Amino acid sequence: MSKLKIAIQKSGRLSEKSLDLLKDCGIKISTSNRKLRTESSNFPIEVLFLRDDDIPQYVEQGVADIGILGENEVWEKNKDVTSIRQLGFAGCKMCLAIPKDEIYTDLTYFEGKKIATSYPTILRNFFQENNINVKIEEIGGSVEIAPSIGLANAIFDIVSTGSTLLTNGLKQVETVVESQAVLIGNQNLDAEKQAILDRLLFRIEAVKQSSENKYILLNAPNDKLDEIITLLPGMKSPTVLPLAEKGWSSVHTVIKEDTFWDIIEQLKAFGAEGILVLEIEKMIL
Ligand code: ATP
Ligand code: MG
């Protein structure tokens, strides 16, 4: 029986989260002996540990069937691979920054300027779309020091907190793209591998849904039940059970994590009591 080969980053910002995702999907992987490839003991998958820069190429060629890496790296490498699903972690912005004492107006500031970056493809496309001519100086890393050593007028790089920019006397002036981790795949997977991928995606969906939702239980006075239920959409509709105490019911449902503080305040206003909010381990819709 064939196995699905997944490439993940060997060591770096994506490594742990990628392995956690597989683990949350119930896929057991031993990472003990620092091997560059390993098989799962309970799912037909083989894991290859690679540098993230190499993953698009390996997936295009079919050395790996699927891979997890930052969208920024996928755009930069521009290989023929399919973006299957965004994964919601390793979010970052890619920004243009200039020396902090410069006066910035708009993108035309960059006309004729030299910009240092490790992401020349993304940058070139961006300025082409905006009809601005720039010179791109491609460097491998430590991009932030380029202006102070006279290599470039500006930089284009990944920015998370902006503190690295500040310590190098730079300020962020434009966000060009926002990126997050993504699952990519080879464009010609055979039916057997596609079937394994579908099983994996089903599990990823359940893991992601559960992290975006909470299970909520509360006690509601019966005369306010209708109002309370309209606040709680739930997967179908909430479960309502009578409490031993007359005139009260217990209401159970699932709510979106991002709406939950708003809803809880309104629930309390309608007299809801004993509100419990629980983590969901897995959620299958
Ligand atoms: P490799 O050795 O595998 O080439 P790397 O040094 O290129 O690793 P990391 O620094 O581990 O890569 O970053 C991997 C990805 O994490 C980036 O491509 C990006 O998508 C994402 N990321 C999220 N936040 C940040 C950040 N603050 N700085 C850099 N990358 C970030
Ligand atoms: Mg890299």
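Atoms within a ligand are numbered from 1 in the order they appear, just like the ligands themselves. The first residue of the sequence shown is numbered 1, and numbering continues consecutively from there. Predicted model, so just to flag it, every value in this text is computed and none were measured.
With hydrogens and angles disregarded, no donor-acceptor distance shorter than 3.5 Å links the side chain of E73 to the backbone of D52. Not a single donor-acceptor pair under 3.5 Å links the side chain of T82 to the backbone N or O of I84.
The line from CD1 of I149 to OG of S142 is 9.0 Å long, rounded to the nearest 0.5 Å. Within the model, atoms OG1 of T38 and CG of L36 stand 10.5 Å from one another, a figure rounded to the nearest 0.5 Å. A distance of 5.0 Å separates CD of E111 from CG of N133, quoted to the nearest 0.5 Å. The distance from the CG atom of L232 to the CG atom of L218 is 6.0 Å, given to the nearest 0.5 Å.
For atom 20 (O) of ligand 1, the nearest protein heavy atom lies closer than 4.0 Å.
Residue, atom and distance of the protein heavy atom nearest to atom 14 (C) of ligand 1 are D52 OD2, 3.5 Å. Nearest protein heavy-atom contact of atom 8 (O) of ligand 1 is Q9 NE2, 2.8 Å. With hydrogens left out, the protein atom closest to atom 27 (N) of ligand 1 is S160 OG, 2.9 Å, a heavy atom. Scanning all protein heavy atoms for the shortest distance to atom 24 (N) of ligand 1 gives C92 CB, 3.6 Å. The protein atom (non-hydrogen) at minimum distance from atom 2 (O) of ligand 1 is R51 NE, 3.4 Å. For atom 10 (O) of ligand 1, the closest heavy atom belonging to the protein is R13 NH1, 3.0 Å.
Taking 4.5 Å as the limit, every side-chain heavy atom of F49 sits out of range of all side-chain heavy atoms of S11.
Between D53 and R51 there is a salt bridge, since at least one side-chain N of the basic residue sits less than 4.0 Å from a carboxylate O of the acidic one.
No continuous path of ILVMFWY side-chain contacts below 4.5 Å connects I122 to L69, so the two sit in separate hydrophobic clusters.
Among S11, S118, A90, A181, the residue whose heavy atom lies nearest to atom 23 (C) of ligand 1 is A90. With atom 4 (O) of ligand 1 as the reference point, the heavy atom nearest to it among I158, N72, D53 is part of D53.
Counting only protein N, O or S atoms closer than 2.8 Å to the Mg ion (ligand 2) gives 2.
Atoms of ligand 1 found under 4.0 Å from any heavy atom of G12, numbered from 1 in the order shown, are 11 (O). Which parts of ligand 1 touch G70 is read off a 4.0 Å heavy-atom cut-off, strictly below it: atoms 20 (O).
With hydrogens and angles left out, the side-chain atoms of D198 and Q194 include a donor and acceptor closer than 3.5 Å.
For the salt bridge (Lys or Arg N to Asp or Glu O under 4.0 Å) with E46, the qualifying choice from K193, R37, K35 is R37, the only one to do so.
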